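Because the structure is a prediction, the values reported are computed rather than measured. Numbered from 1 within each chain, the chains take letters A, B, ... in sequence-line order.
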Amino acid sequence: MRPGNPEALQQPYDPSRVEARWYAFWEERGVFRPESSRPAGGGPSAQPFVIAIPPPNVTGSLTMGHLLGDSIRDLIVRWQRMEGRETLYIPGMDHAGIATQNVVEKKLREEGRSREQLGREDFVREVWAWKEQYGGLILRQLRRLGVTPDWSRERFTLDPDYSKAVAEAFRRLYERGLIYRGHYIVNWCPRCRTALSDEEVDKVETQGSLWFVRYPLKEGNASITVATTRPETMLGDVAVAVSPKDKRYAKLVGRTAVLPLVRREIPIIADDMVDPKFGTGAVKVTPAHDVNDFQTGKRHGLPELIVIDEDGRMNDKAGDFRGLDRFEARRRIVEALRDAGYLEKVEPHTYAIGHCSRCETIIEPYLSLQWFVKMAPLAAPAIEAARRGKVKFFPSRWKKVYLYWMENIRDWCISRQLWWGHRIPVWYRGDEIAVGLEAPAGDGWRQDEDVLDTWASSWLWPFATLGWPEQTPNLERFYPNSLMVTGSDIIFFWVARMIMAGFEFTGQAPFPHVYFTSIVRDGQGRKMSKSLGNSPDPLEMMERYGADAVRFTMIYLTPTGQDLLFDEKRLETGRFFANKIWNAAKLVQMRLGDEDLSRVKESALTLSLADRWILSRFANAVKDVTRNLKTYRFNEAANALYHFAWNEYCDWYLELAKPRWSDDIPQDDARAREDRRAARWVAWKVLDGILRLLHPFMPFVTEELWQALPHDGECLAQAAWPKAKKAWFDAEAERQIAFLQELVVAVRNLRAENNLPPGKRVPITVRGRDEQLALIAELDQPLRALARIELLTLARDGSRPAVAASAVVQGAEVFLPLEGLKDLDEERTRLTTQAAKLLDDLEGVRRKLRNQDFLTKARPEIVERERQRLAQLEETLEKLRRAQESLRVSAE
RNA sequence: GGGCGGGUAGCUCAGCUGGCAGAGCACCUGGAUCACAACCAGGGGGUCACAGGUUCAAGUCCUGUUCCGCCCACCA
């Protein structure tokens with residue numbers, strides 16, 4: 001097929017022109033639909049490749065973190081598609097309960113309205129309106145990045161179908177007795193005014209105080225002193241506890257203390273939870289405001305006295321302190337205790353305080369009626385799966401983190417006191433309870449007021465997006481998914497729970513592999529965040545450097561299993577690389593001639609040494625890139641491709657090819673014309689291969705170039721992934737070209753070290769073995785160009801220039817005459833330094849080879865290699881010395 | 001308190017199965033050579049955190065120390 005794009009390749013490369021044009025082209029062709037990559041006649045053995053996007057928050061916009069994750073996912077998706085697998089990439093969004101409600105409430109506040117004013121129904125309507133108008137920005141941004149999910153399958157976690165799945169999951173768990181409702185201490189955010197799961201609480205080490213407060217006994221003058229970090233909760237104290245083993249307090253157990261300030265009488269009890277070594281060994285017990293105390297209270301049948309309300313203010317039970325914010329109350333209470341002589345002392349104390357992961361407000365342990373999922377039964381198969389390798393983590397160390405969490409799992413509080421989300425599918429009528437999405441028949445049913453934790457819907461993502469609970473053809477074909485790619489920061493929130501849900505609801509793991517991406521940090525290693533303002537705007541990055549450059553660079557930079565320290569300047573790597581490929585393609589296009597190379601058979605060509613070399617290197621690159629993709633070493637894959645394309649194909653092959661495809665080749669020189677044809681074909685073939693390999697990294701520029709060159713097929717995005725042809729591997733050609741490369745480098749080096757301008761052509765004499773001289777003769781022309789040689793003399797023996805700089809390459813001597821130069825000191829110094837280094841190396845090798853243990857114990861090929869190295873070093877040194885000698889002589 | 005990861009060139013990091021320490025950026029020198037100055041050519045730069053050990057051989061494996069980062073954790 002002839003070039004599809006007649007437009008000349010512009011220069012320099014301008015990503016914005018190219019990137020605007022291809023997305024619609026792919027979309028129109030249906031490239032993103034799984035059917036488009038379904039292999040013809042693909043039987044049941046042809047396993048599809050399925051991956052789901054971690055649904056971004058509907059409120060979200062693209063961050064640098066997304067840029068990495070989405071680049072990696074699309075890299076894999078495009079690669080798998082080119083491998084010929086039926087490929088499905090499922091897009092969608094998360095309704096993100098708290099986050100979204102917060103955003104809309106904030107907007108209302110700015111408008112002087114509130115959700116309470118609106119009421120539940122209108123508020124929810126308001127959020128939907130917001131979603132339609134502003135939501136999903138992130139998905140539109142993903143198009144700019146060039147990612148290719150099947151948009152026709154986009155899902156939202158609040159879609160009717162999805163909501164059905166969520167309610168059904170709840171119902172099944174309820175029927176199995178894995179869901180219960182009860183009064184327990186939960187993590188409460190007084191600002192969001194909702195319960196949270198343990199995972200939604202960030203613990204922050206904080207320098208606080210330990211207050212020692214004296215509680216007088218009811219009878220006598222004695223007292224007992226407790227230590228507390230939260231004096232304000234003393235208003236809710238219902239007991240003082242000591243360790244049953246603690247002799248100091250043994251005779252106080254059973255007696256009654258009087259709570260200071262409020263003068264309430266409370267018992268002194270013994271309980272094992274008390275550590276006699278901490279504080280005074282006596283603990284105030286506040287069942288309504290502390291998890292431990294709650295359990296102690298249950299054990300001893302103590303009342304639960306709530307003194308802080310859901311806004312974090314002291315309530316009516318708090319007497320004089322009622323209405324105060326909890327921290328203000330703390331100050332006042334400490335003050336009052338001090339004034340009344342109850343405060344014994346204050347010690348500095350460091351401890352971890354929980355903060356709301358959404359709004360940073362300090363969490364209040366709060367006694368309330370909530371819904372919970374019993375997790376241990378769900379964890380069991382998920383633990384088993386990880387242990388047996390049914391689910392594998394990359395990097396593997398996450399397995400340990402996952403298992404530790406799973407094995408110590410606690411029940412999950414899933415009710416949220418919000419309005420935006422899946423309303424809990426439970427209905428009440430008097431003492432009756434019914435579970436289901438719809439109200440049961442009959443009057444008087446009232447639905448639970450709360451909604452579900454967002455993660456209690458997204459944990460169904462891998463199968464609810466495919467139609468579960470219905471046994472749809474999609475579910476049948478595309479479940480389980482093939483891979484999950486996400487950040488390790490949501491391993492517990494989401495990954496672990498998806499695995500549990502997979503087993504619980506579908507009887508199998510939702511995916512066999514989980515790849516965790518790097519966390520993107522700024523140059524100083526700080527996590528990128530909106531509040532710090534240290535995250536560059538991804539859209540701006542794409543405008544400035546191109547989406548291709550951003551994608552490539554992020555992948556090129558991401559270390560396996562390590563954080564990624566991002567610096568905008570690094571994006572130049574990708575931009576320059578795109579430009580390099582662009583220019584290489586321009587050169588090749590200019591030199592291809594009129595023949596349609598995509599129809600030329602390799603077998604009809606006579607390949608030169610350089611051709612065989614680059615095809616061999618290309619086969620190696622294909623192997624390398626593919627292997628690194630398979631093992632999730634994406635940076636290595638990018639690296640291998642970068643270096644092959646730039647340092648081998650561009651730096652050497654194209655240079656070697658240039659003289660061969662000159663326009664000046666006479667009509668009647670059949671051999672030269674044949675050779676030109678081979679060079680054209682190989683240059684095109686390898687470039688075509690590079691574009692294919694590079695396409696998943698840089699989809700836009702590669703599609704543009706591929707279309708502009710001879711190509712087979714209509715669309716690079718649907719072209720086949722290159723194969724490393726066995727016949728192309730050619731160790732001999734690689735060895736031979738390596739020699740010539742060393743030779744060229746040696747000449748350039750001699751020139752530079754002796755201050756000869758790089759442009760000046762110099763006469764060079766090479767003395768070496770027949771084979772070496774033959775090789776040089778074979779590539780005579782390109783060598784002259786590469787090393788800027790004007791006259792290349794090959795000498796098997798004796799003859800050498802009288803005054804010359806010299807180097808030794810694999811035993812061959814290279815001479816560069818220095819007759820015209822007065823000062824030979826530079827060359828002398830150079831030779832001396834080189835000889836000294838050589839001598840060092842030589843000594844090392846000799847020491848090794850003198851070592852009997854090395855000779856007997858090292859693998860034979862290692863010993864052999866050292867022997868050869870010794871011989872070569874000796875030969876080189878010898879020749880270097882002769883060169884030194886000749887310079888000395890000539891100086892006299 | 002428990003666990004995990006890291007410390008390699010000025011900076012950011014590769015280094016996979018133990019076998020001649022690497023890349024990009026930065027720096028220095030030279031260069032308008034007809035794909036590319038977003039380029040090309042050449043160069044300097046290392047106590048592989050520290051201390052032991054295993055091994056013929058250690059950046060790589062083991063032990064300890066130290067510094068940095070992260071995660072988990074109901075001592076009030």
Could you write out each protein N or O paired with an N or O of nucleotides 41-43 of chain B at a distance under 3.5 Å?
{"from": "B/G42", "atom 1": "O3'", "to": "A/Asn749", "atom 2": "ND2", "distance (Å)": "3.3"}
{"from": "B/G43", "atom 1": "OP1", "to": "A/Asn749", "atom 2": "ND2", "distance (Å)": "3.0"}

With rounding to whole Å, what would you report as the distance between B/G15 and B/G59 at their C1' atoms?
8 Å
So, is A/Lys580 near the phosphate of B/C36, with a side-chain N or O under 4.0 Å from OP1 or OP2?
no
Report, one line per pair, each donor and acceptor closer than 3.5 Å where one atom sits in a side chain of residues 862-873 of chain A; sequence neighbours left out.
{"from": "A/Glu864", "atom 1": "OE2", "to": "A/Gln868", "atom 2": "NE2", "distance (Å)": "3.3"}

Roughly, in whole Å, what's the span from CG in A/Asn408 to C1' in B/G3?
12 Å
Does A/Thr829 have any side chain to side chain contact (heavy atoms under 4.5 Å, CB included) partners at least two apart in sequence or in another chain, and if so, which?
A/Thr833
Which label fits A/Phe372 and A/Tyr184: parallel for a plane angle under 30°, tilted from 30 to 60°, or perpendicular past 60°?
perpendicular
Taking only the P atom of each, what is the distance from B/A57 to B/C11 in whole angstrom?
33 Å
To the nearest angstrom, how far is A/Asn754 atom CG from B/U29 atom P?
19 Å
Quote, to the nearest angstrom, the P distance that separates B/G7 from B/G44.
26 Å
Any salt bridge between A/Asp624 and A/Arg627, counting N to O under 4.0 Å?
yes
Just the dot-bracket of RNA chain B, please: which string comes out with Watson-Crick or G-U pairs under 3.5 Å, [ ] for crossing, | for another strand?
(((((((..((((.....[..)))).(((((.......))))).....(((((..]....))))))))))))....
With a 4.0 Å cutoff (strictly under), does any side-chain N or O of A/Trp661 reach OP1 or OP2 of B/C34?
no
What residues, two or more places apart in sequence or in another chain, satisfy salt bridge (Lys or Arg N to Asp or Glu O under 4.0 Å) together with A/Asp853?
A/Lys857
When the P atoms of B/A58 and B/C50 are considered, how many whole Å apart are they?
15 Å
Name the nucleic acid region contacted by A/Arg830, choosing base, sugar-phosphate or nothing; use a 4.0 angstrom heavy-atom cut-off, strictly under.
nothing
Inter-nucleotide C1' distance (B/C72, B/C61), Å rounded:
29 Å
List the protein contact pattern of nucleotides 71-76 of chain B with one symbol per nucleotide (5' to 3'): B for base contact, S for sugar-phosphate-only contact, - for none; contact means a heavy-atom distance under 4.0 Å.
-SBBBB
Under the 3.5 angstrom rule, does the side chain of A/Asp411 hit a backbone N or O of A/Met375 as a donor-acceptor pair?
yes
Protein-nucleotides 5-9 of chain B N/O pairs under 3.5 Å:
{"from": "B/G5", "atom 1": "O2'", "to": "A/Gln562", "atom 2": "OE1", "distance (Å)": "2.5"}

Nucleotide by nucleotide, 5' to 3', does protein get under 4.0 Å of the base (B), only the sugar-phosphate (S), or neither (-) in nucleotides 17-24 of chain B, counting heavy atoms?
--BB--SS
Under 3.5 Å, is there a donor-acceptor pair linking the side chains of A/Thr553 and A/Thr573?
no
Sequence neighbours excluded, which residues qualify as salt bridge (Lys or Arg N to Asp or Glu O under 4.0 Å) partners of A/Lys245?
A/Asp272
Could you walk me through whether A/Tyr13 and A/Asp548 pass the side-chain contact (heavy atoms from CB on, under 4.5 Å) check?
CA-CA 12 Å; A/Tyr13 170 57; A/Asp548 283 333; 3.8 Å; yes
Identify whether any heavy atom of A/Trp646 sits under 4.0 Å from a base atom; if not, whether one sits that close to sugar-phosphate; answer base, sugar-phosphate or nothing.
sugar-phosphate
Write down the distance between CZ (A/Phe576) and P (B/A38), rounded to a whole number of angstrom.
7 Å
Rounding to the closest angstrom, what is the interatomic distance between B/U60 and B/G5 at atom P?
16 Å
Is the shortest side-chain N to carboxylate O distance from A/Glu655 to A/Lys658 below 4.0 Å?
yes
Assert: residue with more 5' nearest nucleotide on RNA chain B, out of A/Asp853 and A/Glu655, is A/Glu655
Could you tell me how far apart A/Leu587 (CG) and B/C39 (C1') are, to the nearest whole angstrom?
13 Å
Taking A/Arg248 first and then A/Asp246, would you say they form a salt bridge - that is, a charged N and a carboxylate O separated by under 4.0 Å?
yes
Rounded to whole Å, the CG-C1' distance (A/Leu855 to B/A57) equals 12 Å
Side-chain N,O (A/Lys569) to OP1/OP2 (B/A26) below 4.0 Å
yes
Quick one: does A/Thr228's side chain have a donor or acceptor within less than 3.5 Å of a partner on A/Arg230's backbone?
yes
Atom pair distance, as rounded to whole Å: CG in A/Leu565 and C1' in B/A14:
15 Å
Hey, does the side chain of A/Arg660 reach the backbone of A/Arg676 with a donor-acceptor pair shorter than 3.5 angstrom?
no
Whole-Å distance, A/Arg751 CZ to B/U29 C1', equals 15 Å
Non-neighbouring partners of A/Glu648 that pass side-chain hydrogen bond (donor to acceptor under 3.5 Å, both in side chains), sequence neighbours left out
A/Arg617
Check: A/Trp646 ring centroid to A/Tyr642 ring centroid under 6.0 Å
yes
Got a list of side-chain donor-acceptor pairs under 3.5 Å for residues 276-284 of chain A, not counting sequence neighbours?
{"from": "A/Thr280", "atom 1": "OG1", "to": "A/Thr225", "atom 2": "O", "distance (Å)": "2.5"}
{"from": "A/Thr280", "atom 1": "OG1", "to": "A/Ala282", "atom 2": "N", "distance (Å)": "3.2"}
{"from": "A/Thr280", "atom 1": "OG1", "to": "A/Ala282", "atom 2": "O", "distance (Å)": "3.4"}
{"from": "A/Lys284", "atom 1": "NZ", "to": "A/Thr233", "atom 2": "OG1", "distance (Å)": "2.6"}
{"from": "A/Lys284", "atom 1": "NZ", "to": "A/Asp237", "atom 2": "OD1", "distance (Å)": "2.9"}
{"from": "A/Lys284", "atom 1": "NZ", "to": "A/Thr286", "atom 2": "OG1", "distance (Å)": "2.9"}

If you check the A/Asn583 side chain, which of B/C16, B/C4, B/C36 turns out closest?
B/C36
In whole Å, measure the gap between the C1' atoms of B/U12 and B/C27 for me.
16 Å
Nearest whole angstrom, please: distance from the P of B/A57 to the CD of A/Glu864.
21 Å
Measuring from A/Ile266:CD1 to A/Tyr215:OH, what's the distance to the nearest 0.5 Å?
6.0 Å
For the P atoms, the ones on B/G10 and on B/C48, what distance do you get once it is rounded to whole angstrom?
12 Å
Residues that A/Thr626 engages under side-chain hydrogen bond (donor to acceptor under 3.5 Å, both in side chains), provided they are two or more places apart
A/Trp721
